[in-house]
Each structure stands twice: as C-alpha cells, then as structure tokens.
Number of protein chains: 2
Amino acid sequence: MTGRDLSLRRFSGYAMKRAFNQVQADLNATLAPHGLRLVTFSALCLIDENKGLKQSELAQILGVERPNMVLIVDELDSADLIVRDRSTEDRRAYELRLTEQGEKVLAAASAAAQGHDARMTAGITDDVRETLVTALWRIEANGRQRD
Amino acid sequence: MTGRDLSLRRFSGYAMKRAFNQVQADLNATLAPHGLRLVTFSALCLIDENKGLKQSELAQILGVERPNMVLIVDELDSADLIVRDRSTEDRRAYELRLTEQGEKVLAAASAAAQGHDARMTAGITDDVRETLVTALWRIEANGRQRD
DNA sequence: TATTGTTATACTCTATAACTATA
DNA sequence: TATAGTTATAGAGTATAACAATA
C-alpha cells in the first residue's frame, strides 16, 4: 500500500476506478438514510429538472437499459417519491413527476450529497475541483465518440 | 442529453461514474485482445513491480476480497502468465511471479493501455491530466480515511 | 488462536430476448 | 412495422461464512 503500485498509479483509468470505489461507498452511505442510492438519487434529480420526463428518456440520459430502469422507477414509485402519469399524447408512455414527498426527500438528499462532495474533495481547491469535473466530462465525451 | 442534467453534472461523483463507465468499456476492449481485463492487467502490473507478492497482499492493494482474488489469480495462472510458488518462509502462502509469457503479454498490454489512456484524455493538456490524476488519488485517500 | 488460500453461496448490477399495448 | 414499458433470465462483480493447512 505504501507506494507499491507506482507505475499503475499514473494510469488515469486506475486512479478513476479506485477513487470512484470510495466515492460510491461514501455516497451510498450518505444517501441510505434518505432511502436512496446513487442511481435513484440521479433519477430523482433528473425528473425534478425535467417535469414529465419519459421513462425511456430517463434511461437514455442515465445510460441504463430500459428493463433495469423499470426497477429503478418502481423503487421510487413504491416509496411515493414519484408518480407515473400516462401521457395523453402517447398512451404507451409514462410521464414522471415528483410527489411532494419526493421534493422533500430530494431537497434533503441534495444537501447531504453536497456535504459528501465537499468531504470527498477536501484539500482540493475550488479551481482544481472545477478542472477535475470538466476533465471527467471531457473523458466521458471522448469515450462516447467511439461507440 | 443536451444539457438536460445541468445541476447533476456539477456533482463530481456523478461525473466520475459516467467517465469511468466509458473508460472501463474502452479499456476492457483494449485489453481483451491480450486476454486481460482491468483487474487482471492491474494484478499483472503489481506482480511485475513486486516479485514474490503474496495473494493476500495483492488482494489488499487492489481492494479485492480474498475469495475473489483466487479466481483472478486462477485466470492468470491458467493463461500461463504467472506462477504460484509456495513460500519457503510461510508454507500457507503463495509467492506470485510473472512467467516469460506473462512479461511479454504485460509489455504489449501496457503499450495498448497507454494508447487507450491517451485516447481517453485527448484534448486534455498534460498539465491538466496530471492535476486530474493527483486529485483522483486525493479523493481516494479522503474516502479511505473514513473507513 | 490466527492467518492463507479455498469453496460455496448469495446479492447486486447489468445485459438480452421476448411479450403487451399502443403507435 | 416500430416503440414504451414490462417480464424473465443470465451473466458479471462483489461480499460473507466456513473449511483445511499452516503458523
């Protein structure tokens, strides 16, 4: 552990895996008291920002397969955080909306998630933190380009 | 997809998840022709840098549970990339070493992985790339501190 | 009694095929 | 015929308990 993996540490992919393992563990622990995990929290954010979002649109944005999205939306639905409204334009589709309870939970969970983010990026300047997030989205875009 | 998840994008954890999804897919595709995946490649690097590394030490460094490490080492062993030598000091333990074939495969896979890394970080300056990797390891250390 | 490697097992995540109802 | 949501299912990846050999 003490400088053992010197050359591996220079690989950005390995650094990302190890860092993300920690972030995921801490974030899920942070969200658990709110009955959420990373993917359900993300879904809640997106539905809040895009009223009437369809399940399949949500799946595409989150990069989740439709069959798996069903379970995620079920989870939020069962917890009364969102409702599935039948679309009047396309009666095959559901439009997703937050309930009042969903808005309350999202507000509380967002505050907790911001605390988590600050904790994980402790000792990193706002400047570097911004550079980090920008670089990560650039990497994500580079990857998506080759699909 | 077009600016839909504005506030979520500011969360470093979400950015890391999305970026790492792309990196993992590209890296595994890059390593597959060499018969490796991220975890077996990492193991191979570590064994190369630390001759005689024990299985349990490797598991601890990689953050993998011992029972799962068995399968990973089995995979490298079956492919004749490493050997398990019984330790003379502690006959419960194995000392892991690369075979000649393992050294060849590691050299080829390392070159491929460096190409992958360059591809994924295209458009990012060396300066920012270094900042990124340093910040990721800082985040990893912040997470480990609270275990 | 503790530790290394192992087996068996279970739980989560993810991915694919096929169905239904609508379009 | 194509699409939205669903079901069933199979494959990874990961985690825990318990065992044999050795310390």
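So you know, we letter chains A, B, ... as the sequences are listed, proteins then strands, and number each from 1.
End-to-end axis angle for the helix from C:dT1-D:dA23 to C:dA23-D:dT1, using five pairs per end and rounding to 10°, comes out at 10°.
B:Lys54 places its NZ atom 14 Å from the P atom of C:dT6, with the value rounded to the nearest Å.
With sequence neighbours excluded, the residues that form a ring-ring contact (aromatic ring centres under 6.0 Å, His included) with B:Phe11 are A:Phe41. Judged as a salt bridge (Lys or Arg N to Asp or Glu O under 4.0 Å), and not counting sequence neighbours, A:Arg138 has no contacts. Under the rule for a salt bridge (Lys or Arg N to Asp or Glu O under 4.0 Å), the partners of A:Glu140 that lie at least two apart in sequence or sit in another chain are A:Arg144, B:Arg18. Scanning for salt bridge (Lys or Arg N to Asp or Glu O under 4.0 Å) contacts around A:Arg119 gives A:Asp26, with sequence neighbours left out. Qualifying ring-ring contact (aromatic ring centres under 6.0 Å, His included) partners for B:Tyr94, counting only residues two or more places apart in sequence or in other chains: none. Every residue two or more places apart in sequence or in another chain was checked for a salt bridge (Lys or Arg N to Asp or Glu O under 4.0 Å) with A:Asp80, and none qualifies.
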Could you run down nucleotides 9-18 of chain C 5' to 3' and tag each one B, S or - for protein heavy-atom contact under 4.0 Å?
----SBBBB-
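For the residue pair A:Ile61 and B:Tyr14, the shortest heavy atom distance occurs at O-OH, 4.1 Å. Smallest separation of non-hydrogen atoms from A:Val133 and B:Arg9: CG1-O, 3.5 Å.
Within the structure, side chain to side chain donor-acceptor pair (under 3.5 Å) pairs that include any residue of residues 34-44 of chain A comprise A:Arg37-A:Glu75 (at least two apart or interchain). For residues 101-113 of chain A, there are no salt bridge (Lys or Arg N to Asp or Glu O under 4.0 Å) pairs, not counting sequence neighbours.
Test B:Leu81, B:Leu58, B:Val73 against B:Ile47 for side chain to side chain contact (heavy atoms under 4.5 Å, CB included) and you get one pass: B:Leu58.
Side chain to side chain, A:Gln60 and A:Arg66 fail the donor-acceptor criterion of an N or O pair below 3.5 Å.
When DNA chain D is scanned in the 5' to 3' direction for atoms under 4.0 Å from non-hydrogen atoms of chain B, the outermost contacting nucleotides are D:dG13 to D:dA23.
Within residues 82-96 of chain A, the residues that place at least one heavy atom under 4.0 Å from DNA chain D are, in residue-number order, A:Arg84, A:Arg92, A:Ala93, A:Tyr94.
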